[in-house]
Colleague: 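Below: one structure in structure tokens.
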Amino acid sequence: MTAESPTPPCRRARGRAQAPDVPLQAWFTAQGWHPAAFQREAWKRYLAGESGLLHTPTGSGKTLAAFGGPLLEALAARDAEAPSPVEVASPGPRRHAARAQTASRTTTADVAEAPAPDAAGATAGSESAAITGAKVKPPRPRRGRAGALRVLWITPLRALAVDTVRALREPIDALGLDWLVAMRTGDASVRDKRLARDGRAEVLVITPESLALLLSYPDSAQHFATLRCVVVDEWHELLGNKRGVLLQLCLARLRATAPALRTWGLSATLGNLDEARDVLLPHAPGAAIVSGAAPRSFTLDTLLPADGERFPWAGHLGLAQLPRVLERLLAERTSLLFTNTRSQAELWHQALAAVWPEDPATLALHHGSLHPQLRAVAEAGLRDGSIRCVVATSSLDLGVDFPAVDQVLQVGSPKGVSRLLQRAGRARHRPGEAGHVVCVPSHALELVEYAAARAAIARGAIESRPPPRMSLDVLAQHCVTLALGGGFDRDAVYAEVRGTHAFAAIDPVTWDAVLEFIVQGGRALSSYPEFQRVVRDDAGRYVVHDRRVALRQRLSIGTITSDGSVAVKLLRGGGLGSVEESFVGRMRPGDRFQFAGRLLELVRLEDMTAYVRKATSGSGAVPKWQGGRMPLSSALGREVERMFAGDDDAPELRALAPLLGLQASLSALPAPGTLLAEWIQARDGRHLFVYPFAGRAANEGLAALLSLRWGRVASNTFSFAANDYGFVLSPAQDVALDAALLRTLLSPNALMDDLRESLNLGELARRQFRDIARVAGLLPPSLPGRAPRSMRHLQASSGLIYDVLRRFDPTHLLLAQAETEVFATQLDLGRLADALDDCAGRTLALQRPASLTPLSFPLWAENLRGQLSTEDWRTRVQRAAAQLEKKHTARAAKGRQRVMA
């Protein structure tokens, strides 16, 4: 059956037409389920040849909604090849017997491979067997089978891939389809990788990077020609980053190979639905958005301070809540405890292990830097209920199905509404059950963020994820992949690329620059053979002939870049995972560190591998990974500001009432329509605190901008720091400030020019260029069998290339992209510009408190961080917080005494 004639034929044994989804409905009934309206709509649209976006809450049945269409299509094709009762009972041409053999296959091309019929002219599982009363058994895959790829299921996470394979196999086996399901990710088995490479699995679960890798082989077009459906799971996780751009290009190639291909995206939490659909389906404008299921009910519970207890103002990880957390964990059978960073996960696992009253094997750790086998053990324990608690990061955020999980705990602020919804959805991941999350504050102000998140969810305020455009490093990588995968024609691929959302605006000049880059690296690099990766053959096609180029390209496919990682392996045992080179590079043999839930001792560092042994006692540092801090989203930031205004009766705000009252008495509370600023004289000098609630990246840009503008007014040196709520400027010399001057400093005029002057843009662009160069292929990876390249080597190589291009080819396409990405990602330029416009429209409230306030204290502590070691900083921050709390507690007590008198 093809996309042009998708309606399945009726089964002749019935004697009359039936609804196309009857076979799947029958299986649902056998499971005690009933198909939801949105599932039936998705099946109907798929069978009609449509593509679309499925938007429905986690746990409502998205997987079967997307997979049901291909299953029904395959069942209809199988039934169309099965004989009628009359044909079986009466002697007929040999072709009827041949067709009877193919009940388990979906293409007539495979008829010759079917087993010989029995005496009745039918095989087990065929319709004639059912009519004669024989027991129908699902057909078993035959050895040496020659399958054909039908469904490509794209997933952003390896952990999600394993769960997806299990979920897809269940209906296939139950319905008796002779389909193989294989997985092609970094964790896939050798067998699955071979099946994927040879195109011998009907269903392939794959990551975007592995899909790009398959496209690099010349026979990929042959394998993908039979493809009928692509499902992109958790599309919102790919939409806003370069992995999504790479996937857009890969999908364009698949559409060129299989023009009748249908594409469906799945997303549980997303704000910009229409844009998400248009990015995924640029070839199908106005495609359907199926979103019929009602959102899961959701409850949020916070571990509030006891009467008389004060939460710290800043500088903590929430470990003071350990007794309460342990009590909650032991009250339920199975729990997930989420942290925002891998370092926090290691620390919380360490703390829980020290007080865990049950078998240590029932407490596990899960994050992206752990070895796949360790992650798999934790996932298996969650499925079978043998593990009571897993401490995890975003590695378990997405739709991994763990029905046995009874509760989710979130340590610290989730920083975003959609992230909290995703994590809450991991609990009671069963249709019809409510999501629930227990929030564990690490300091006082996070109580406001929990209340804000609850309010935002109630109003349906979910963050949007803007998609990147014109990521030319990704396009260059993709073009080398196509050249390696059989070659490409310039004009044909140009049209293909322009058909994507990411490169719809690419012009011929830029396209020629990309082609020049993959052929010779650009003008300045044309004399270096290592940058001459692609050649034009006599027919004008772009191809790759050099085997070294082919190997390096396949090793470097993908857009995920990070600081150099060092593998961690036990001297006697397997791998534990990886830590960043910057962490382990400072260690000496004998030093200890905490990783993978173990206390380890470094034995030696060799070829980017840290060989360790388990330490029996003592303590050690916890690794830190770059990119750990997550910014507060715009949606949650606006809600937090509204919460400070006091127009909500949330339990978190009631618990925080004394602290909010102190903020109001010392200064003022933030409120929509008002820009709060505080000019404070502290022991270490004067500080200006401003609270736009624009997120960390935008606030850092604002701080740099204001320090430049203020320095023009009065020559001075400024230090600054930022958090999600605002920023602090600290002049080295005393200076006057009034509302009029602050208004001038916050002007939205001349933003770009002032930003260029206020920042060391060249150095920022140099650092950004390193990641761009790696994606574009200028920094080839180490070859197998050779020592991995260190981060210092990569930095030196990228810096040298950057300097050469700046000097001899200043218009190089990657230089311009580096600067663009600095503004877009590091400074969040769009949000920064919006913040300045927003500030200009607000009433300015410049306060002059006599001391640091609850809002200003975390910023003051952040500003102090760069001046002291970590230990000294923590000690000083805790001491300063205690002094402030003691001071204001005593003042409040005296006030109550005066009132009583």
Side-chain angles (χ1 to χ4, degrees), residues 55 57-58 156 234-241 244 267-273 275-276 295 298 300 302 338-341 344 393-394 397-398 410-425 435 437 439 441-443 445-468 627-645 648 650 652 670 672 691-702 722-727 824-839 858:
H55 179 261
T58 297
E234 305 289 352
W235 168 232
H236 63 281
E237 288 295 325
L238 298 168
L239 173 64
N241 53 50
S267 177
T269 51
L270 194 63
N272 50 332
L273 275 179
E275 185 178 33
F298 170 86
L300 185 153
T302 302
F338 280 108
T339 68
N340 289 339
T341 68
Q344 285 180 314
T393 61
S394 56
D397 267 7
L398 302 186
Q410 165 67 42
V411 177
S413 169
K415 299 299 183 183
V417 180
S418 62
R419 183 178 297 109
L420 185 62
L421 277 175
Q422 283 280 7
R423 294 181 172 181
V437 63
C439 293
S442 62
H443 59 81
L445 291 179
E446 284 182 340
L447 292 172
V448 182
E449 296 186 32
Y450 295 144
R454 183 190 293 110
I457 291 171
R459 295 193 299 105
I462 307 298
E463 293 88 358
S464 296
R465 307 208 180 184
R629 289 180 175 176
M630 293 185 290
L632 191 72
S633 70
S634 298
L636 190 54
R638 288 190 293 268
E639 203 68 45
V640 166
E641 189 178 38
R642 191 178 69 81
M643 288 291 128
F644 274 115
D648 194 290
E652 293 84 1
Y691 306 100
F693 289 87
R696 182 182 294 271
N699 285 336
E700 284 180 347
L702 288 172
N723 63 14
D724 287 314
Y725 295 176
F727 60 89
T825 60
Q826 295 188 31
L827 299 178
D828 201 352
L829 181 61
R831 196 169 174 185
L832 191 156
D834 291 342
L836 279 178
D837 290 337
D838 182 59
C839 290

Colleague: With sequence neighbours left out, what residues match D828 under salt bridge (charged side-chain N to carboxylate O under 4.0 Å, His left out)?
Modeller: none

Colleague: Taking D724 for the side chain and R696 for the main chain, is one N or O donor matched with an acceptor at less than 3.5 Å?
Modeller: yes

Colleague: Please round to the nearest 0.5 Å and tell me the distance separating atom OG of S267 and atom CG of L239.
Modeller: 8.5 Å

Colleague: For R642 and P672, indicate whether the former's side chain and the latter's backbone hold a donor-acceptor pair under 3.5 Å.
Modeller: no

Colleague: Identify the two heavy atoms, one from P441 and one from T302, that lie closest to each other, and give their separation to 0.1 Å.
Modeller: CD-CG2, 4.2 Å

Colleague: Test E275 against S464 for side-chain contact (heavy atoms from CB on, under 4.5 Å), laying out the working first.
Modeller: CA-CA 9 Å; E275 185 178 33; S464 296; 5.9 Å; no

Colleague: From Y691 OH over to N723 CG, what is the distance, rounded to the nearest 0.5 angstrom?
Modeller: 8.5 Å

Colleague: What's the shortest heavy-atom distance between F727 and P692, and which atoms?
Modeller: CE2-CG, 4.0 Å

Colleague: Which atom pair, heavy atoms only, marks the closest approach of N340 to S413?
Modeller: ND2-O, 2.5 Å

Colleague: Measure across N699 and G726 and return the closest heavy-atom pair with its distance rounded to 0.1 Å.
Modeller: ND2-N, 3.3 Å

Colleague: Evaluate the side-chain proximity of P156 to W235: yes if any heavy-atom separation is below 4.5 Å, no if none is.
Modeller: no

Colleague: Measure up the Y725 and F644 rings against each other and bin them: parallel (under 30°), tilted (30 to 60°), perpendicular (over 60°).
Modeller: perpendicular

Colleague: Please report the C-alpha distance between L420 and L300 in whole Å, then the side-chain angles of each, then the deciding distance to 0.1 Å, and finally whether the side-chain contact (heavy atoms from CB on, under 4.5 Å) criterion is met.
Modeller: CA-CA 10 Å; L420 185 62; L300 185 153; 3.5 Å; yes

Colleague: Can you list the residues that meet the salt bridge (charged side-chain N to carboxylate O under 4.0 Å, His left out) rule with R465, with sequence neighbours excluded?
Modeller: E237

Colleague: Do E652 and R454 make a side-chain contact, defined as non-hydrogen atoms from C-beta onward lying under 4.5 Å apart?
Modeller: yes

Colleague: Is it the case that the side chain of D834 and the backbone of D837 share a donor-acceptor pair, with hydrogens and angles ignored and the cut-off at 3.5 Å?
Modeller: no

Colleague: In a check of side chain to side chain donor-acceptor pair (under 3.5 Å) between Q410 and each of E446, R419, R423, which one passes?
Modeller: R423

Colleague: If you measure from CG on L445 to CE on M643, what distance do you get to the nearest 0.5 Å?
Modeller: 14.5 Å

Colleague: Testing the basics here: between A455 and E639, what is the closest heavy-atom pair and its distance to 0.1 Å?
Modeller: CB-OE2, 3.6 Å

Colleague: Identify whether the distance between the nearest side-chain nitrogen and carboxylate oxygen of R638 and E641 falls below 4.0 Å.
Modeller: no

Colleague: Distance only, no hydrogens: is a donor on one side chain within 3.5 Å (strictly under) of an acceptor on the other, for Q344 and T339?
Modeller: no

Colleague: For T393 and F338, work out which heavy atoms get closest and say how close.
Modeller: O-CE2, 3.3 Å

Colleague: Please test H236 against I462 for side-chain contact (heavy atoms from CB on, under 4.5 Å), starting from the C-alpha separation and ending with a verdict.
Modeller: CA-CA 12 Å; H236 63 281; I462 307 298; over 6 Å; no

Colleague: Applying side-chain contact (heavy atoms from CB on, under 4.5 Å), run through L632 and E449 and close with a yes or a no.
Modeller: CA-CA 9 Å; L632 191 72; E449 296 186 32; 3.6 Å; yes

